[in-house]
A.B. asks: 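Submitted below is the structure of interest, expressed as structure tokens.
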Amino acid sequence: WAGSSVYYLLNLWSRSVTSVRYLKGDKPNLLDEYVPKVIEGFVSSRFDSLQSELSDELGENPLDNVEVLQDQLEFFPFLCRFQYESCSSYLMKIVEPIMKSYMKEANLQSQVDSFELSITESKLAWFTHIVAAILRTKQISSCSSEESHETLDAEISACVVQLLNISDSGFHSKRYGDVSKQRLDRAILTFFQHFRKCCSGHQTVFSSKLYTRLSELLGLHDNLLLLNVIVGKMITNLKCYTKCKEVIDHTLNLFLEMTSGYMSGKLLLKLDSVKHMISNKNRDLFPFIENWECFSSRTTLYYTIGMLLFLEDSPLKFKSMMEPFSQVLDTLESTPDALFQSDGVKFAFIGLMRDLRGIAMATNSRRTYGFLFDWLYPAHMPLLLKGITHYADIPEVTTPLLKFMSELVLNKSQRLNFEYSSPNGILLFREVSKLIVAYGSRILPLPNKADMYTSKYKGISICLIILTRAISGSFVNFGIFELYGDRALVDALDIIVKMILSIPLADIFAFRKVAAAYFAFLDSLFSCHLSFVLSLDKTTFMLVVGSLESGLKDLSEKISSQCTNAIDNLATFYFTHVIVGELATSPAALNASGLISDCAELFSRILRTLFEVVIFEDRGNQWTLSRAILSMMLISEEMFTNVKAQILASHPPDQHQRLSLCFDKLMTDVTLSLDGKNRDKFSQNLTRFKTEFCSK
């Protein structure tokens with residue numbers, strides 16, 4: 001029964017059966033005799049272990065742990081496919097009396113033995129997971145038996161579909177709060193996930209046998225009827241599970257997976273149940289959305305509904321679906337400030353932000369994004385600002401609000417590319433700026449709490465994501481703001497710098513999501529708005545650039561590359577406008593000249609760190625590192641000479657001559673320029689430098 005042993009035992013047997021095809025000669029391998037016994041031993045031991053699990057002798061039930069369950073079922077299906085006829089016969093034989101008992105219990109009006117019922121449902125959950133695993137695994141038998149495998153696939157799958165009808169009928173339809181019932185429904189969802197794919201694949205390749213047998217057993221002769229069964233189960237789950245987040249999330253993830261395919265999405269729209277779901281204005285199909293524990297699931301729900309809605313690309317249907325949200329918005333907008341802090345208003349606001357984020361995620365084209373933007377702006381944007389003003393110190397509200405805004409400014413699939421004459425990109429960024437300034441100005445003065453990540457850092461990191469997406473999304477001409485004296489960009493950058501300086505560098509690295517957002521922002525900032533960086537005072541500039549040095553050493557290659565890009569952009573600007581330029585007259589160039597001269601020691605450390613990362617670590621981003629090293633070397637020959645001397649001093653004296661020669665070869669055939677061809681040549685030299693430098 002011990003899961004840690006089962007994995008290795010089944011792996012051994014699985015490798016044995018998959019190797020049969022390579023055996024030569026006529027010697028018997030005895031697998032035909034022993035594999036059925038192994039299958040029976042595994043299934044019967046899973047069933048027997050349920051008694052021990054329920055008396056707390058074994059520990060956690062694998063049915064409650066996805067990773068343990070996957071480990072136990074990863075190799076077992078290969079054994080089943082090896083002796084599929086006898087295996088499927090055995091599985092259906094053992095499950096038949098269990099299903100009869102389950103059906104009998106469903107028809108009882110009085111209370112049944114809960115312990116026995118729990119055992120029955122757990123056995124059925126194991127059976128369902130095993131069938132799902134068999135459908136997931138590729139057939140390992142010869143092509144001649146593919147048709148017979150189709151028939152057997154249909155027969156064992158029919159058992160699970162019949163089980164579905166029993167589990168949601170009679171007495172069992174009142175037991176959605178029971179743990180064993182939840183285990184069974186999670187297993188059924190997993191089965192449907194693989195059964196659907198199996199049927200879709202067979203429908204295009206070997207449709208005859210599979211659908212013929214399914215039609216005989218269940219009346220399911222095409223994909224649409226199968227989808228109707230699956231959708232029916234999902235709707236039942238969404239209606240009946242009001243508190244079990246695991247089942248709700250599993251259901252919604254399956255629904256989203258089915259919706260994500262273009263053809264399967266179109267098929268879903270043919271079902272009356274799906275049409276009703278989309279047009280369900282009073283949302284009585286989804287009682288779980290009122291449960292606080294399931295609030296985060298609302299985003300996935302409306303992401304899925306939004307994807308189905310936008311497949312039809314109808315402005316009228318979009319307007320109709322948004323009516324309930326308009327009513328909530330109107331109510332919130334008319335709520336007096338004195339009542340805005342009440343729990344009812346707060347929960348309504350949180351739910352609205354989660355729902356709208358899901359719909360925003362579903363807009364994958366400029367047209368569908370336009371539907372949402374025109375509905376939202378300008379009428380409802382002030383409510384977002386009102387929300388951040390009233391709830392700045394309540395992360396439960398600010399997190400979904402800021403996440404909604406971060407989705408709204410994400411220019412995926414170029415959906416934010418407005419018409420050339422449209423001011424929408426500029427208008428959207430002005431709203432972003434107002435929101436970030438309002439949040440930052442209120443969160444910074446608040447006293448620190450024990451949980452700094454939840455109370456401050458998480459909100460700040462989402463603000464960084466918002467601004468990163470906005471400034472690198474290519475939907476705003478930021479020169480407009482400076483040209484017309486609009487402070488939207490400057491104010492947003494000013495407050496965001498204050499927010500990041502409020503987080504100690506150690507905390508940035510301690511919370512990985514904060515680190516990811518922080519360095520992605522610096523990468524975009526140094527790439528798109530370097531003049532702002534160069535306008536910072538010396539202390540702030542040194543703190544920001546100093547954090548890039550620390551980021552170079554981070555084990556994450558993504559963060560290391562982002563820091564390298566930022567340093568390269570800064571050094572390239574200095575080389576182009578100060579060293580190569582005839583006369584540094586622009587404010588940015590003058591600032592760059594002064595700051596880099598004042599911070600010579602810092603830049604020397606950065607160059608040394610870059611070399612040490614190349615020499616002592618095997619990174620996959622050496623090409624990116626080479627870019628920054630060349631630009632840093634070209635801005636100061638003296639700095640490179642000093643760094644070279646420091647690195648040589650850390651090695652034995654008898655190695656100095658050889659290592660010095662390695663440094664000298666770095667600039668072979670490399671000119672004093674930063675054009676692409678020159679950079680590529682230096683990258684090649686740096687690769688050779690690393691090899692020769694590290695050779696014994």
A.B. asks: After noting the C-alpha distance and the side-chain angles of K412 and E407, does the key distance pass the salt bridge (charged side-chain N to carboxylate O under 4.0 Å, His left out) rule?
C.D. replies: CA-CA 9 Å; K412 61 182 180 183; E407 180 61 37; 3.4 Å; yes

A.B. asks: So, taking the atom named CD in Q562 and the one named OG in S524, what distance separates them when rounded to the nearest 0.5 Å?
C.D. replies: 8.0 Å

A.B. asks: Who are the side-chain hydrogen bond (donor to acceptor under 3.5 Å, both in side chains) partners of E246, not counting sequence neighbours?
C.D. replies: R186

A.B. asks: Spell out, as yes or no, whether a donor-acceptor pair under 3.5 Å connects the side chain of Y7 to the backbone of V68.
C.D. replies: no

A.B. asks: Does any non-hydrogen side-chain atom of L189 lie less than 4.5 Å from one of N237?
C.D. replies: yes

A.B. asks: I need the minimum non-hydrogen distance between D568 and R627, along with the two atoms involved.
C.D. replies: OD1-O, 3.3 Å

A.B. asks: Quick one: does R619's side chain have a donor or acceptor within less than 3.5 Å of a partner on V613's backbone?
C.D. replies: no

A.B. asks: Taking side chain to side chain donor-acceptor pair (under 3.5 Å) as the cut-off, I'd like each qualifying pair that reaches into residues 378-396, sequence neighbours left out, listed once.
C.D. replies: E333-H380

A.B. asks: Any side-chain heavy-atom pair from L372 and M322 closer than 4.5 angstrom?
C.D. replies: yes

A.B. asks: Could you give me the CA-CA distance, side-chain angles and deciding distance for L607 and S636, then say whether side chain to side chain contact (heavy atoms under 4.5 Å, CB included) is met?
C.D. replies: CA-CA 11 Å; L607 182 57; S636 173; over 6 Å; no

A.B. asks: Using atom types as modelled and distance alone, determine if a side-chain donor or acceptor of S502 lies under 3.5 Å from a backbone N or O of M499.
C.D. replies: yes

A.B. asks: So how far is it from S472 OG to D523 CG, rounded to the nearest 0.5 Å?
C.D. replies: 8.5 Å

A.B. asks: Less than 6.0 Å separating the ring centroids of F509 and F519?
C.D. replies: yes

A.B. asks: A571 and I635: which non-hydrogen atoms are nearest, and at how many Å?
C.D. replies: O-CG2, 3.4 Å

A.B. asks: Around atom CZ of R442, are there more than 12 heavy atoms of other residues, nucleotides or ligands at under 6.0 Å?
C.D. replies: yes

A.B. asks: Output the distance between atom CG (L548) and atom CG (D554), rounded to the nearest 0.5 Å.
C.D. replies: 12.0 Å

A.B. asks: In the structure I gave you, are the side-chain heavy atoms of M234 and M258 within less than 4.5 Å of one another anywhere?
C.D. replies: yes

A.B. asks: Just by distance, do the side chain of S593 and the backbone of L590 share a donor-acceptor pair under 3.5 Å?
C.D. replies: no

A.B. asks: With distance as the sole criterion, is a donor-acceptor pair present between the side chains of S547 and Y518 under 3.5 Å?
C.D. replies: yes

A.B. asks: Starting at CZ of F255, measure out to OG1 of T300 and round the result to the nearest 0.5 Å.
C.D. replies: 12.0 Å

A.B. asks: In the structure I gave you, are the side-chain heavy atoms of V533 and L570 within less than 4.5 Å of one another anywhere?
C.D. replies: no

A.B. asks: Could you give the distance from CG (L410) to CG (L416), rounded to the nearest 0.5 Å?
C.D. replies: 8.0 Å

A.B. asks: Which of parallel (below 30°), tilted (30 to 60°) and perpendicular (above 60°) describes F347 and F295?
C.D. replies: perpendicular

A.B. asks: Mind listing the closest non-hydrogen atom pair of P400 and I350 along with its distance?
C.D. replies: CG-CG2, 4.0 Å

A.B. asks: Does any N or O in the side chain of R679 come within less than 3.5 Å of the main-chain N or O of L674, such that one atom is a donor and the other an acceptor?
C.D. replies: yes

A.B. asks: Look at the side chain of T299 and the backbone N and O of G358, then say whether any donor-acceptor pair between them is shorter than 3.5 Å.
C.D. replies: no

A.B. asks: Checking the side chain of S441 only, and the main-chain atoms of A438 only, is there a donor and an acceptor separated by less than 3.5 Å?
C.D. replies: yes

A.B. asks: Sequence neighbours left out, what passes side-chain hydrogen bond (donor to acceptor under 3.5 Å, both in side chains) with S413? Give chain and number order.
C.D. replies: none

A.B. asks: If you count the non-hydrogen atoms of other residues, nucleotides and ligands that lie under 6.0 Å from CD in E601, is the total more than 12?
C.D. replies: no

A.B. asks: Between T399 (side chain only) and P395 (backbone N and O only), is there a donor and an acceptor less than 3.5 Å apart?
C.D. replies: yes

A.B. asks: Got L489 and F429 here, is their nearest side-chain heavy-atom distance under 4.5 Å?
C.D. replies: yes

A.B. asks: Got V179 and R183 here, is their nearest side-chain heavy-atom distance under 4.5 Å?
C.D. replies: yes

A.B. asks: H529 vs F478 aromatic rings, parallel, tilted or perpendicular, using cut-offs 30° and 60°?
C.D. replies: perpendicular

A.B. asks: Do E293 and I248 pass the side chain to side chain contact (heavy atoms under 4.5 Å, CB included) test, and can you show the C-alpha distance, the side-chain angles, and the key distance before you say yes or no?
C.D. replies: CA-CA 11 Å; E293 294 177 1; I248 291 293; over 6 Å; no

A.B. asks: List for me each residue that meets side-chain hydrogen bond (donor to acceptor under 3.5 Å, both in side chains) alongside D507, sequence neighbours excluded, and say none if there are none.
C.D. replies: Y457

A.B. asks: Taking atom CG of D618 as the centre, report whether more than 12 heavy atoms of other residues, nucleotides or ligands fall under 6.0 Å from it.
C.D. replies: no

A.B. asks: Is the backbone N or O of R430 less than 3.5 Å from a side-chain atom of S433, with the two atoms forming a donor-acceptor pair by type?
C.D. replies: no

A.B. asks: Return yes if some donor-acceptor pair links the side-chain N/O of R298 with the main-chain N/O of I289 below 3.5 Å, else return no.
C.D. replies: yes

A.B. asks: Could you tell me the separation between the CG atom of L427 and the CE atom of M381, rounded to the nearest 0.5 Å?
C.D. replies: 9.5 Å

A.B. asks: I would like to know whether I495 and Y439 meet side chain to side chain contact (heavy atoms under 4.5 Å, CB included); could you show each step before the answer?
C.D. replies: CA-CA 9 Å; I495 198 69; Y439 178 73; over 6 Å; no

A.B. asks: Please step through side chain to side chain contact (heavy atoms under 4.5 Å, CB included) for the pair W375 and L329, ending with a clear verdict.
C.D. replies: CA-CA 11 Å; W375 175 82; L329 282 162; 3.1 Å; yes

A.B. asks: Residues in side-chain hydrogen bond (donor to acceptor under 3.5 Å, both in side chains) with S597, at least two apart?
C.D. replies: none

A.B. asks: Would you indicate whether the side-chain heavy atoms of L634 and F682 approach each other to under 4.5 Å?
C.D. replies: no

A.B. asks: To check you understand the geometry: which heavy-atom pair defines the closest contact between V409 and I466, and what is its length?
C.D. replies: CG2-O, 3.7 Å

A.B. asks: Counting only heavy atoms not in K456 (residues, nucleotides, ligands), do more than 12 fall under 6.0 Å from its NZ?
C.D. replies: yes

A.B. asks: With no hydrogens and no angle check, do the side chains of T454 and K449 hold a donor and an acceptor under 3.5 Å apart?
C.D. replies: no

A.B. asks: Return the minimal non-hydrogen interatomic distance between G387 and F340, and the atom names on each side.
C.D. replies: CA-CE2, 4.2 Å

A.B. asks: Considering all heavy atoms of both residues, which atom of L552 and which atom of S560 are nearest to each other, and what is their separation?
C.D. replies: O-OG, 3.4 Å

A.B. asks: Do V328 and D355 have side chains that get closer than 4.5 Å, going by heavy atoms?
C.D. replies: no

A.B. asks: Report the residues that fulfil ring pair (Phe, Tyr, Trp, His ring centres under 6.0 Å) with F526, sequence neighbours left out, ordered by chain and then residue number.
C.D. replies: none

A.B. asks: Would you call the rings of F286 and Y302 parallel, tilted or perpendicular, where under 30° means parallel and over 60° means perpendicular?
C.D. replies: perpendicular

